[in-house]
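For reference, the structure is listed below as structure tokens.
Everything quoted here is computed from the prediction, not taken from an experiment. Heavy atoms only: backbone and side chains are in, while hydrogens, waters and symmetry mates are out.
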Amino acid sequence: MKKLFKLILNTIPRPILIRLSYVARPVLAVALKGTQFTDPIDGKSFKMFLPYGYGTQRNNVLSPSTLSLERHRLLWLYLNEETDFFQSELVSDSSVTNTKRIKLRDAETNSALKVLHFAPEQAFYKLFRNQKNLDYTTTDLFSPLADVKADICDLPFEDNQYDVILCNHVLEHIPDDTKAMQELYRVLKPGGMAILQIPQDLSRATTFADDTITDQKERAKIFGQYDHVRIYGRDYFDKLRSIGFKVVEEDYTNKIAPELVEKYCLAKGEIIPVCFK
């Protein structure tokens, strides 16, 4: 199965994969039903999760029902437990960490949150679209799920437009990530929150990039995926700060019970970059 999934990921273009997955998901969810692992996004449980990876395959990471990966489930838990993203009215404390939730909306107006979501994942697309408390816009150059086809380095949005920006594993694809970060900062409202997840090697102090590496096989070998252009190190957070963001390096798996980290198939030690303007 691992070889088959690796072949599919590396040979079928992503927009086509997205369309095919709508057919495969219901079949996989029934075939793998069990009790070993649970997807917290939809609450469904399975005897195993699917392998995933363009290069080195990781076992038990792709949920059969939502097609979420570790980073998606971690983001969902953070939004659900630590913010009022899903609530029409703010719930005071997180049931996971017993800390005050981050307040994203104006308590006086209780207006819908304006959310901008880059390269929307299937795990979130319908869930967020159906949230009545969200004014939800998706954007990407190629995704069939995008409302607005746009270049992240030249966004067609006015300044200070969005309460929340979600940009999950996008910046590692962008040659000029500085310009992309500046655009994200520009369109975020003052006081707004952006979660800018990336694949990160925390053993590296500095980010590695080499524009001369253009061969896809060589890129996959060095950067971990054929369409990545860098490997982010620990300096990623300081680069975001240099743009103007206030950054919280949220080591959220260390706030979750170890048995739930295992049950939800999370990546222990993954840092969520929670950025404020």
Side-chain angles (χ1 to χ4, degrees), residues 38-44 63 65-140 145-148 157 160-170 184-185 187-198 240 245-256 260-261 264 266-267 270-277:
T38 298
D39 185 339
I41 297 174
D42 63 3
K44 293 181 179 179
S63 165
S65 57
T66 67
L67 298 185
S68 64
L69 293 167
E70 309 101 314
R71 61 182 182 263
H72 306 130
R73 295 187 290 276
L74 186 66
L75 174 59
W76 185 89
L77 286 166
Y78 181 80
L79 290 173
N80 189 56
E81 295 291 340
E82 304 299 322
T83 78
D84 64 347
F85 186 86
F86 291 109
Q87 286 85 28
S88 294
E89 294 183 1
L90 183 64
V91 178
S92 59
D93 295 330
S94 162
S95 61
V96 171
T97 62
N98 293 318
T99 57
K100 295 293 183 183
R101 293 177 189 256
I102 296 171
K103 183 173 149 183
L104 299 172
R105 62 174 49 80
D106 189 327
E108 292 184 3
T109 63
N110 201 31
S111 58
L113 285 174
K114 289 198 69 174
V115 178
L116 181 62
H117 191 175
F118 287 83
E121 301 90 349
Q122 286 190 60
F124 298 134
Y125 180 73
K126 286 187 177 180
L127 176 66
F128 293 173
R129 180 70 75 199
N130 292 333
Q131 286 290 128
K132 293 181 179 180
N133 63 323
L134 302 182
D135 178 358
Y136 180 62
T137 301
T138 61
T139 184
D140 190 73
L145 303 180
D147 299 317
V148 179
F157 309 117
N160 307 318
Q161 283 291 297
Y162 292 97
D163 299 292
V164 178
I165 293 176
L166 302 174
C167 186
N168 189 333
H169 283 227
V170 172
L184 294 171
Y185 186 82
V187 302
L188 185 66
K189 287 183 180 179
M193 180 184 76
I195 296 185
L196 310 178
Q197 291 172 286
I198 41 86
L240 291 170
F245 289 109
K246 298 176 182 178
V247 182
V248 177
E249 301 172 28
E250 184 64 71
D251 188 359
Y252 199 56
T253 59
N254 281 327
K255 297 182 178 179
I256 301 172
L260 290 181
V261 171
Y264 295 155
L266 305 176
E270 180 177 352
I271 307 297
I272 305 175
V274 184
C275 307
F276 298 93
K277 180 175 177 179

Could you measure the distance from the [atom1] atom of [X] to the [atom2] atom of [Y]? Nearest 0.5 Å is fine.
X    : Y    : atom1 : atom2 : answer
I195 : F85  : CD1   : CZ    : 8.5 Å
L74  : L69  : CG    : CG    : 12.0 Å
Y136 : H117 : OH    : NE2   : 4.5 Å
Y78  : I256 : OH    : CD1   : 11.5 Å
E121 : I41  : CD    : CD1   : 9.0 Å
K255 : E250 : NZ    : CD    : 3.5 Å

Taking the side chain as C-beta and beyond, is there a heavy-atom pair between [X] and [Y] under 4.5 Å?
X    : Y    : value
Y185 : L240 : no
L77  : L266 : yes
C167 : Q197 : no
L145 : Q122 : yes

Worksheet item: Listed by chain and number, what are the side chain to side chain donor-acceptor pair (under 3.5 Å) partners of D135, not counting sequence neighbours?
Response: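 With neighbours one apart ignored, the set is empty.
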Worksheet item: With sequence neighbours left out, what residues match R71 under side chain to side chain donor-acceptor pair (under 3.5 Å)?
Response: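 R71 satisfies side chain to side chain donor-acceptor pair (under 3.5 Å) with N168, H169 once adjacent residues are dropped.
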Please name the pair of heavy atoms, one in [X] and one in [Y], separated by the smallest distance, quoted to 0.1 Å.
X    : Y    : value
L188 : K277 : O-NZ, 2.8 Å
C275 : F245 : CB-CD2, 3.6 Å
S65  : D39  : OG-OD2, 3.8 Å
D251 : E270 : OD1-O, 4.1 Å
F128 : L166 : CE1-CD1, 3.6 Å

Any donor-acceptor pair under 3.5 Å from [X] side chain to [Y] backbone:
X    : Y    : value
T138 : D147 : yes
S68  : R73  : no
K103 : D84  : no
T139 : V148 : yes

Discussion item. Please enumerate all residues that pass salt bridge (charged side-chain N to carboxylate O under 4.0 Å, His left out) together with D163, with sequence neighbours excluded.
Written reply: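 Testing D163 for salt bridge (charged side-chain N to carboxylate O under 4.0 Å, His left out), a comparison that skips the adjacent residues, returns K189.
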Worksheet entry | Salt-bridge present (D42, K126; N to O < 4.0 Å) |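 K126 and D42: not salt-bridged.
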Worksheet item: Parallel, tilted or perpendicular: which fits the ring planes of F124 and H72, with parallel below 30° and perpendicular above 60°?
Response: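 The rings of F124 and H72 stand perpendicular, inter-plane angle above 60°.
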Discussion item. Walk me through whether M193 and V248 qualify under side-chain contact (heavy atoms from CB on, under 4.5 Å).
Written reply: CA-CA 11 Å; M193 180 184 76; V248 177; over 6 Å; no
Worksheet item: Is there a side-chain hydrogen bond (donor to acceptor under 3.5 Å, both in side chains) between Y252 and E81 once you walk through the steps?
Response: CA-CA 11 Å; Y252 199 56; E81 295 291 340; 5.4 Å; no
